[in-house]
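Single-structure report; data block below.
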Amino acid sequence: MKNKEPLILVVVVAFTLLTYWLVEPYAHSVLHKHVESENFAYADLKPLAKTGNAAAGKDLVMGAGACTGCHSIEKDGMPAAMDAVAAAASYGVNPPDLSNAGSIYDAKFLADVIVNPAHALKVEHKFDAAKGQMHPMAPFAGAGGDLEQEVADMVAYLQSIAVKPSEVTPKMAYENACGRCHALSYENWTQIGEKPAFKFEKDALAYDIKVLEYQEHLTKYMGKLPPDLSMYIRSRGEHFISTFIENPQAHLEGTAMPRVGVTADAAHKVIEHMADAGDTKRHERASVGKMVMIYAVIFAIFALLWKKQVWKNLH
């Protein structure tokens, strides 16, 4: 029996690894179809053909583009025209602040969403202009000049006021790209912002009522209330989340969720924020896990030496 113990250990370890590396991934591939990443290239969108002028773009964004009629630009001192609940009542969802859009969203996506929102967002199945189903965001038809140049100018302006891409934090990326539809309760985030700490319960209840009103408008717009994403990174995995952000239609054809249009770096930061929310101790656990493995190896060595000594004494 003594001589068979190493063989038994090898067999147990082999079957354990087989289960983890083959059976579990196979089960996930059956439950969720595998979608290859397109590396956030947005190959269906045309690249900008002109070099933009930020100053001219600012005039367009503030003027003929009418962007500030719906969007705030806090960086340039332009507050939102209405609060989040009123905006959702008007548009279905609260339009994002554009202060850092130039760093969070892909330039090709920004250009396309300005002139053809339904196409850029991949929701033409929901908003078919031929059937009179217009997207809440009005397309920019131009200010009388070269449309491609005007769009390039607007994109250049948005890029000029944004923080550097390296300065975009995971929280900023999530809140801008996802946070107006998806709550993140583990981070105390609601669709209308981070819930403050209220001194009086009546104030907390009043805030909750606003959230419910916003969710009601959002549900009518989307068809169902988008899920809280606190645990999605753990239940679905990083690859699924990344490719779903990149192109929701590839996973769920006909879904009302729009293509977000973020850069690869911004998507990575969104996922990082979700990972932090879903597992607040993940970095600490990884560090502790290394120490546990070292301890297990040392313990196994001492156990093996002790076992050999016991058998030696018995003989």
Side-chain angles (χ1 to χ4, degrees), residues 15-40 93 104 121-123 126 168-195 208 211-212 214-216 218-219 221-290 292-293:
F15 273 95
T16 301
L17 294 178
L18 183 68
T19 301
Y20 184 77
W21 279 326
L22 295 180
V23 177
E24 185 181 12
Y26 173 74
H28 279 288
S29 70
V30 171
L31 291 172
H32 306 293
K33 69 175 183 179
H34 183 75
V35 174
E36 288 293 337
S37 173
E38 300 168 6
N39 299 313
F40 294 87
V93 65
I104 294 173
L121 297 166
K122 278 188 172 290
V123 289
K126 181 178 178 181
V168 174
T169 66
K171 184 178 181 181
M172 287 167 57
Y174 178 87
E175 292 177 0
N176 197 289
C178 311
R180 292 165 294 109
C181 292
H182 295 279
L184 200 64
S185 57
Y186 283 17
E187 291 291 306
N188 208 29
W189 178 261
T190 71
Q191 288 92 346
I192 64 172
E194 189 170 343
K195 185 174 182 179
D208 291 340
V211 173
L212 290 172
Y214 184 97
Q215 290 177 344
E216 183 179 352
L218 181 61
T219 300
Y221 177 63
M222 297 296 290
K224 63 181 295 186
L225 182 65
D228 185 305
L229 297 182
S230 294
M231 292 297 290
Y232 252 55
I233 193 66
R234 303 192 72 177
S235 63
R236 300 300 174 89
E238 183 175 332
H239 179 81
F240 178 90
I241 298 294
S242 178
T243 51
F244 205 99
I245 291 172
E246 186 176 37
N247 183 5
Q249 299 299 327
H251 278 281
L252 190 60
E253 186 176 356
T255 181
M257 177 175 165
R259 172 166 61 182
V260 184
V262 294
T263 65
D265 181 62
H268 176 75
K269 289 176 178 177
V270 167
I271 292 170
E272 184 178 348
H273 186 63
M274 291 174 63
D276 286 336
D279 189 354
T280 57
K281 298 292 185 181
R282 66 191 182 102
H283 298 297
E284 180 182 337
R285 189 182 66 253
S287 176
V288 171
K290 293 177 183 177
V292 170
M293 291 301 296

Do the side chains of Met222 and Pro258 get nearer than 4.5 Å, heavy atoms only? yes
Show me the pairs that pass salt bridge (Lys or Arg N to Asp or Glu O under 4.0 Å) and involve residues 244-257, at least two apart or across chains. none
Ala264: which residues meet the side chain to side chain contact (heavy atoms under 4.5 Å, CB included) condition with it, sequence neighbours left out? Phe40
Sequence neighbours left out, what passes side-chain hydrogen bond (donor to acceptor under 3.5 Å, both in side chains) with Lys126? Give chain and number order. none
Pairwise side-chain contact, Glu175 with Leu184, heavy-atom cut-off 4.5 Å (strictly under): no
Which residues share a side chain to side chain contact (heavy atoms under 4.5 Å, CB included) with Pro170, sequence neighbours left out: Lys269, Glu272, His273
Nearest 0.5 angstrom please: Met231 CE to Met274 CE, how far? 10.5 Å
Measuring from Asn247:CG to Ser37:OG, what's the distance to the nearest 0.5 Å? 10.5 Å
Is it the case that more than 12 heavy atoms not belonging to Tyr221 sit under 6.0 Å from its OH atom? yes
With a 4.5 Å limit on heavy-atom distance, are the side chains of Gln249 and Thr255 in contact? yes
I'd like to check the ring pair (Phe, Tyr, Trp, His ring centres under 6.0 Å) partners of Phe244; sequence neighbours left out, ordered by chain and number. Phe240, His251
Paired with Val260, the side-chain contact (heavy atoms from CB on, under 4.5 Å) test is passed by just one of Ile245, Leu121, Val270, namely Ile245
If the condition is side chain to side chain contact (heavy atoms under 4.5 Å, CB included), which residues does Thr219 pass it with, not counting sequence neighbours? Leu225
Residue set satisfying side-chain hydrogen bond (donor to acceptor under 3.5 Å, both in side chains) with Gln215, at least two apart, ordered chain then number -> Gln191
Those residues that, when tested against His239, pass ring pair (Phe, Tyr, Trp, His ring centres under 6.0 Å) (two or more places apart): His34
When rounded to the nearest 0.5 angstrom, what distance separates CD1 in Ile271 from CG in Asp276? 12.0 Å
Apply salt bridge (Lys or Arg N to Asp or Glu O under 4.0 Å) to Arg259 and list each qualifying residue two or more places apart in sequence or on a separate chain. Asp44
Quick one: salt bridge (Lys or Arg N to Asp or Glu O under 4.0 Å) partners of Glu194, sequence neighbours excluded? Lys171
Taking only residues two or more places apart in sequence or in another chain, which ones pass side-chain hydrogen bond (donor to acceptor under 3.5 Å, both in side chains) with Ser230? Ser185, Asp228
Would you compute the distance between atom CZ of Arg236 and atom OG of Ser242 and round it to the nearest 0.5 angstrom? 15.0 Å
Check whether any side-chain heavy atom of Thr190 sits under 4.5 Å from a side-chain heavy atom of Tyr214, and report yes or no. no
Nearest non-hydrogen partners of Ile104 and Ala266, listed with the distance: O-CB, 3.4 Å
